[in-house]
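Given the structure is predicted, the values throughout are model-derived calculations rather than measurements. Heavy-atom basis, side chains included; hydrogens, waters and symmetry copies ignored. Counting convention: from 1, in listed order, for ligands and their atoms alike.
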Amino acid sequence: MRHMRFGQLPDGQAVDLHTIGTAPGPVLELLTLGATVHRLEVTCGDGVRRNVVLGHATVADRLASDAYLGATVGRYANRIAHGRFELAGREVVVGTHDRGNSLHGGPDGFDRRLWEVVSAGADHAALRLVSPDGDQGFPGELTAQVRYEVADGMVRVRHEATTDATTVVNLTNHSYFNLDGDGAGSVDHHLLSLDADAYVPVDPTGIPLGEPVPVDGTPFDFRAAAPIGPAVRSNDPQVVSARGIDHDVLVRGEGLRRAAVLESPATSTRLELWSDQPGLQVYTGNFLDGSLRSSLGKAYRQGDGIALEPQLHPDTPHHPDWPSAVLEPGERYVHVLEWRFD
Ligand code: BGC
């Protein structure tokens with residue numbers, strides 16, 4: 001493990017960058033700000049080493065951005081309608097900063113916090129964050145830990161959390177992939193396959209409308225590998241309203257299993273996403289509008305990356321029959337995901 005100073009927060013606190021892994025295997029650069037994946041360099045199918053995730057050049061760019069590039073998002077990834085819900089008999093009100101809803105843990109989410117490196121070696125690093133009781137409105141002091149590990153062509157990310165009072169937790173990693181390399185342009189030609197037979201339709205603010213529906217005959221049908229471009233240009237009202245795909249799909253099966261495959265024919269690079277979560281938010285970078293800059297200074301435009309975010313289904317506090325995000329004292333939240341490169 002190597003580390004260096006990446007930058008500093010406005011109050012002067014240092015943001016560090018830690019590197020794990022060794023070429024020709026994956027080399028992962030992590031930031032203590034947001035326990036963020038800053039760069040992920042892999043050997044592509046054509047033999048060329050490329051950074052296959054989007055990232056910002058500076059701390060200032062990151063703080064000014066609302067794209068969550070590579071960040072660990074929490075305490076509750078995705079949306080909670082109107083930022084209000086009932087938990088253990090009382091009403092919880094959390095920060096709302098996305099069209100009236102709470103998104104990715106509130107305005108000052110885990111992606112904006114300095115995480116402490118609690119262990120690190122050549123191939124792994126673990127980062128910890130203690131989120132106080134009442135943080136963004138969420139009850140209970142939550143201790144979250146994210147452990148990154150690099151091994152044989154893959155990266156494993158293990159999220160854990162414990163609490164001292166009843167709360168909700170839904171952590172994920174928000175990396176956007178471009179298998180032709182960061183800044184290479186659109187991923188429209190990437191082939192996507194999803195191990196999912198149903199998806200959750202949403203209202204214009206991204207809140208689930210009701211029960212999941214079959215993907216059959218919709219642009220969300222990636223049961224067989226298909227290019228992303230035609231789906232995000234479909235006239236399906238769900239796609240039009242979200243400006244592309246920004247939807248939760250129900251991953252078939254249980255336990256750690258394959259959830260998605262992303263492949264670029266241009267560089268012959270293939271990524272499998274494995275996850276133990278019931279849902280996967282597929283987000284095609286719909287709101288990248290040229291205003292954010294990459295770590296190489298290039299503008300990110302719509303569709304320049306795709307985020308595949310394993311998690312619970314969105315807005316679970318309002319859907320008691322869906323897998324629950326409630327965490328009680330004495331319990332441990334665990335979420336494992338893997339990025340496997342061929
Ligand atoms: C959400 C998008 C949001 C993006 C943040 C995704 O996880 O589903 O609606 O815009 O994160 O940039």
Side-chain angles (χ1 to χ4, degrees), residues 34-37 53-56 61-83 95-112 136 157 159 169-178 187 192 194 196 199-209 212 220 228 231-232 238-251 259-260 262 273 275 277-294 299-316 325 335 337:
T36 294
V37 170
V53 296
L54 276 49
H56 293 297
D61 283 359
R62 183 158 280 287
L63 293 177
S65 166
D66 57 0
Y68 301 85
L69 303 186
T72 297
V73 295
R75 177 180 306 201
Y76 190 94
N78 217 311
R79 296 183 171 82
I80 298 176
H82 312 301
T96 53
H97 63 306
D98 183 72
R99 296 169 288 178
N101 302 312
S102 164
L103 176 65
H104 296 333
D108 187 24
F110 289 4
D111 59 294
R112 286 169 187 268
Q136 308 299 293
V157 190
H159 305 82
V169 53
N170 186 26
L171 305 177
T172 193
N173 180 277
H174 207 287
S175 287
Y176 295 61
F177 292 93
N178 185 327
V187 297
L192 176 66
L194 299 173
Y199 83 101
V200 179
V202 292
D203 77 9
T205 71
I207 297 296
L209 283 171
F220 302 91
I228 295 168
V232 298
Q238 280 291 311
V239 172
V240 172
S241 152
R243 306 188 192 179
I245 298 177
D246 189 1
H247 292 78
D248 171 59
V249 300
L250 277 68
V251 181
L262 186 67
L273 167 71
S275 153
Q277 295 295 293
L280 176 70
Q281 183 80 12
V282 178
Y283 172 56
T284 49
N286 312 340
F287 300 108
L288 299 175
D289 61 2
S291 62
L292 302 174
R293 305 252 144 213
S294 79
Y300 286 133
R301 297 176 63 84
Q302 200 176 38
D304 279 0
I306 177 171
L308 299 166
E309 315 156 40
Q311 55 192 262
L312 295 168
H313 303 307
D315 198 26
T316 53
H335 161 195
L337 69 85

Is the ring pair His174/Tyr68 parallel, tilted or perpendicular, if the boundaries are 30 and 60 degrees?
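Ring orientation of His174 relative to Tyr68: tilted.
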For Arg79, which of Asp98, Thr96, Asp315, Thr205 qualifies under side chain to side chain donor-acceptor pair (under 3.5 Å)?
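So the option named by the test is Asp98.
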Protein residues that have a heavy atom under 4.0 Å from any atom of ligand 1, sorted by chain and number
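Under the 4.0 Å cut-off, ligand 1 touches Asp66, Ala67, Tyr68, Arg79, His104, His174, Tyr176, Asp246, Gln281, Tyr283, Phe287, Glu309.
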Got a donor-acceptor contact below 3.5 angstrom from the [X] side chain to the [Y] backbone?
| X | Y | answer |
| --- | --- | --- |
| Asn286 | Ala242 | yes |
| Thr172 | Ala77 | no |
| Tyr283 | Glu309 | no |

Any donor-acceptor pair under 3.5 Å linking the side-chain atoms of His56 with those of Ser294?
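Checked: Ser294/His56 side chains show no N/O donor-acceptor pair below 3.5 Å.
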